[in-house]
Amino acid sequence: MRGRAATVATARAMIGGALIVLLAACGDRQPPREFWTPAELAAIESMSITRLPPLPPSPGNPVADDPRAVALGHRLFFDPRLSANGAVACASCHRPDYHFKDDVARSRGIGRTVRKSMSVVGAAYSPWLFWDGRRDSLWAQALEPLEDPVEHGATRVQVARLLRERPDYRDDYETLFGPLPDLGDTDRFPSANPQGDPEQRAAWAAMAPEDQTAVATVFANVGRALEAYQRRLLPGPAPFDAFADALVAGDQARAKALLTVDQRQGLKLFVGRANCIHCHNGPLLTNHEFHNTGLTDPGAMPTDRGRAVGVDLLRVDPFNCLGRYSPADPQDCAELRFVKTTGIELEGAFRTVSLRNIAGSGPFMHTGQFETLSEVVDHYNRAQPTLISAELTPLRLTAGQIQQLVAFLDSLSAPLATPAYLLEAPLLSQ
């Protein structure tokens, strides 16, 4: 028995010693590497802002990238005189301090709009503008709020007259676009607007066709200058982008230092189980398309028809790519020529927003239905197919996983890749 006890003791000592050696060896090793599948790595790489291509051309805007148009558009964007009451500028609802949108559920101009403002940062990459895509360029988009009675409430004649009467505006406009018409005759050029109140619409209808064309041409060129400025509003690299580039380069140590554990797990959910990347993909984290995201009663048709109405408005817009005020070659208007115009999937469908700088910029969705990103993710977590859309199914995420997704979204925030002076209101002549 004594010999057997000695043998057991010796064996235990040997095992203990081996365990000590093993633990010591493990202590010298790096922590185990996080595992990312080839599909995850490819998805993450595709989302990096370093994959953002150059700005696409604007077929209907010959001055889209002219620095003189940028300077003119910069002043116009911040000028409240482009409104009926002299108090509403483009920057009123597209605030530079709030990622060029606003912090209310439905935007406030002269009145209250029916939807929330969308950020114009990176909007030059989208073939469609507004929540329902009723405009197909930034220059055409910029025009609608100017004459919308609840936004700027201005008239086309008022806008044209402002440029004519202000020497700095007149000189800069004529350098870019040629002579302005003489608008001094108020009988020929009354306070007229085809989108205004009944009196303004009647005044517009009474104008001679050539005078309507002269004013509308100036109006369209104001939109082109505004677009030239807004094309300079671009997102900058965020912590996620540095992480993505380090991960793709195989530098896991640096990648882990750039995002927290929760952010990395949120990213795994984003490109994996939660499948957020289905709509929020590419360097701007949007597919620029339209989806019914189940925000209305699942058993009823939506009252706001979204893209179903927006596409009809797009096709009759005189400022669209094929319209009479666009110099674009029809061959350059493929998006509009082949746009989908019918289908149940257009009902209640709204444009996918970019997720860059989404954190801290609520309320969210097209009428500001949710105050926080946690509420947004929870909506998708619980979402059910609707009467007209089967796009959504419940994600069945835990509360912790919802917060991991929100943590990842925080990693998409960064200063804009735009010169600082373009983010501030310029001096305007009196």
What I want to find out is whether [X] reaches [Y] closely enough, with some N-O distance under 4.0 Å, to be called a salt bridge.
X      : Y      : result
Arg201 : Asp197 : no
Asp132 : Arg115 : yes
Asp211 : Arg188 : yes
Arg231 : Asp65  : yes

Query raised in the report: Are Arg324 and Thr213 close enough that a side-chain donor and a side-chain acceptor fall under 3.5 Å?
Result: yes
So, is the end of the [X] side chain (NZ or CZ) under 6.0 Å from the ring centre of [Y] and within 45° of the ring's axis?
X      : Y      : value
Arg156 : Trp204 : yes
Arg307 : Phe290 : yes
Arg224 : Trp139 : yes
Lys268 : Trp36  : yes

Query raised in the report: Of all residues at least two apart in sequence or in a different chain, which pass the ring-ring contact (aromatic ring centres under 6.0 Å, His included) check with Phe408?
Result: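 Partners of Phe408 by the ring-ring contact (aromatic ring centres under 6.0 Å, His included) criterion, ordered by chain and then number, come out as Phe240, Phe270.
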Please list every donor-acceptor pair under 3.5 Å in which a side-chain atom of residues 271-279 meets a protein atom from a residue at least two apart or in another chain.
residue: Arg273; atom: NH2; partner: Leu395; partner atom: O; Å: 3.4
residue: Arg273; atom: NH2; partner: Arg396; partner atom: O; Å: 2.4

Query raised in the report: According to the interplanar angle, ranging from 0 to 90°, do the rings of Phe177 and Tyr173 count as parallel (below 30°), tilted (30 to 60°) or perpendicular (above 60°)?
Result: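 Phe177 vs Tyr173 ring planes: tilted.
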Query raised in the report: Does the ring center of Phe370 lie less than 6.0 Å from the ring center of His379?
Result: yes
